[in-house]
Amino acid sequence: MPALQPVRGTHDLLPEDSRRHRRVGDLARALAERYGFAEMSTPIFEFTDVFARGIGEATDIVSKEMYTFADRGGEHITLRPENTAGVVRAVISNGLQQHLPLKYFYQGPMFRYERPQKGRQRQFHQIGIELIGVAQPQADIEVIALGCDIIDGLGFGADVTLELNTLGDGESRQAYRAVLLDYLNGHRAKLSKDSLDRLERNPMRILDSKDEGDRRIVADAPVYSDHLNAASRDFFAHVTAGLDALGIAYAINPRLVRGLDYYCHTCFEFTTTTLGAQGTVMGGGRYDGLFAIMGGPDTAGVGWAAGIERLAMMLAETPAAARPIALVPIGEAAERRVLILAHQLRHAGFAVEHGYGGNVGKRMKRANKVNARAAVLIGDDELARGTATLRDLDTGAQVAAPLDTLAEALAQFR
RNA sequence: GCGGGUGUAGCUCAGGUGGUUAGAGCACUAGAUUGUGGAUCUAGGGGUCGCCGGUUCAAGCCCGGUCACUCGCCCCA
């Protein structure tokens, strides 16, 4: 490590970045609460098994992207690559199935050992929701509607499309898998190298291949919707009908297959073309089988996760920082007075900055630099009269205000 | 993990085919202005040219490696 650099794929969030992230997180939380989702958080590391089992050994995340290490006690620990498995673990650990349905919102860092690109980092941040314990399609609709509100609320409605598909239930999936494997095996010789690999791990993935040759083969492949059983078809029909009723636009994408093992029935992605190759901005679906896989009682679940960095990148502008009041003391006596005054004004709810030394000019410059809304000048003259000189830094207008009621005079600059 | 591109000051970038002390704009600091910011002017600070090695009398420039970023693949948020 030659120079002092951050670890590959990690980034500092300086105040401007932080404000963008907060814009996303705050809006998402506020809307989630409106839908009845309460914020909670789980540890950023868990026993490796939580993810290995929950996400699926064969997935890319588990097979090559986890930050795993042995701690000093020899336990196998993994930095969370996503949060659904952790939330499910928390529900089971705390015996929360007695309180179904559960509705959670979370926000925080995730870790994946991948090659960084724009919109892809090794430490990144997600917001997400989980609706646990509702097997009916109402839950899917509600979860998607909330996602949609957040995307719209951030101002991305025009740049983002909702892609929707169903993975059916276990029975349907097994039936289709068999038919599909049969077909693909017949074209083995012409499949790309990547797809031969997928044939073993997740054949439905091949449907979404970008390889030309694969696409030709896929074009004539059996279609999943022909192999869905009645229950699965019915479930999906309810979901789409619900979205229609709410006026939520979506595009059915039969090729949409999510990578994680635990998904069933509804799956969806909110995608954009404005971010380059990393176009998925929010993704999720139903995971009714996950609780059983994790060793808990059968419990339904639906949710999504969204990448804060990706959403923050799409933000048209950086939210402005709060504008403080700048206190400018002139002389020793004023300096002492201002120390106290700053404290009082802060307690009264004002954001207050006082320069740290320097003459009036320098302090005014500093006030300007922190984008102060107003300056309060106090020197010997003012102290003698019991006033402060109050300057509006936007207009330059200046008035005298009594020191003991300064908070009232400053109220207009809040 | 695979393939392509890039890497000069805090930021954005100049530096024809290798040739003395590496430049600009913005930003920063100080002064003009010791009780008044944003504008202007003046001066100043700041670079082991990502890092290591090689070729050469001589490397910011050529070669190799390495690190980071970036574009695409894989996959995902």
For A/Gly128, answer base if it contacts any base atom (sugar-phosphate contacts may also be present), sugar-phosphate if it contacts only those atoms, and nothing otherwise; contact means non-hydrogen atoms under 4.0 Å. nothing
Check this one for me: any side-chain N or O of A/Arg8 less than 4.0 Å away from OP1 or OP2 of B/rA68? yes
Tell whether A/Asn368 reaches the base of B/rG37 with its side chain through a donor-acceptor pair below 3.5 angstrom. yes
Can you find an N or O donor on one side and an acceptor on the other, under 3.5 Å apart, linking the side chain of A/Arg391 with the base of B/rG37? yes
When all nucleic acid strands are considered with a 4.0 Å heavy-atom cut-off, which category describes A/Ala305: base, sugar-phosphate, or nothing? sugar-phosphate
Counting the atoms with a prime plus P, OP1 and OP2 as sugar-phosphate, which does A/Gly396 contact under 4.0 Å by heavy atoms, base, sugar-phosphate, or nothing? base
Nucleotide nearest A/Lys362 (side chain, heavy atoms from C-beta), chosen from B/rA68, B/rG31, B/rC71: B/rG31
What contact category does A/Gln398 fall into here, base, sugar-phosphate, or nothing, at under 4.0 angstrom with non-hydrogen atoms? base
Which nucleotide, if any, forms a Watson-Crick or G-U wobble pair with B/rC41, using both distances under 3.5 Å? B/rG31
Applying a 4.0 Å non-hydrogen cut-off, can you work out what A/Met110 is touching in the nucleic acid: base, sugar-phosphate, or nothing? nothing
So does A/Arg89 pair up with A/Glu46, basic N to acidic O under 4.0 Å? yes
OP1, OP2 of B/rC76 versus side-chain N and O of A/Arg205: anything below 4.0 Å? yes
What is the pairing partner of B/rC2, taking Watson-Crick or G-U wobble pairs with both distances under 3.5 Å in any strand? B/rG72
Span that lies between the P atom of B/rU40 and that of B/rG7, in whole angstrom: 32 Å
Can you find a donor-acceptor N/O pair under 3.5 angstrom joining the side chain of A/Arg115 to the base of B/rC69? no
Have a look at A/Gly9 and say if it touches a base, only the backbone sugar-phosphate, or nothing, with a 4.0 Å heavy-atom cut-off. sugar-phosphate
Taking 4.0 angstrom as the limit, do A/Asp149 and A/Arg34 come out as a salt bridge? no
For A/Gly379, answer base if it contacts any base atom (sugar-phosphate contacts may also be present), sugar-phosphate if it contacts only those atoms, and nothing otherwise; contact means non-hydrogen atoms under 4.0 Å. base
Of A/Ile378 and A/Arg120, the one whose nearest nucleotide on RNA chain B sits closer to the 5' end is A/Ile378
Cation-pi, A/Phe124 ring and A/Arg112 (6.0 angstrom, 45 degrees): no
Identify whether any heavy atom of A/Asp394 sits under 4.0 Å from a base atom; if not, whether one sits that close to sugar-phosphate; answer base, sugar-phosphate or nothing. base
With nearest nucleotide decided by heavy atoms, which residue, A/Gly307 or A/Thr10, maps closer to the 5′ end of RNA chain B? A/Thr10
With A/Lys103, the salt bridge (Lys or Arg N to Asp or Glu O under 4.0 Å) member among A/Glu130, A/Glu39, A/Glu142: A/Glu142
Which part of the nucleic acid, if any, lies within contact of A/Gln123, taking any heavy atom under 4.0 Å across all strands shown: a base, the sugar-phosphate backbone alone, or nothing? nothing
Ignoring hydrogens and geometry beyond distance, is the side chain of A/Gln117 in donor-acceptor contact with the base of B/rC73 at under 3.5 Å? yes
Just so I know, are the side chains of A/Thr318 and A/Asp17 near enough to count as touching, which here means a heavy-atom distance under 4.5 Å? no
Tell whether A/Glu65 reaches the base of B/rG1 with its side chain through a donor-acceptor pair below 3.5 angstrom. no
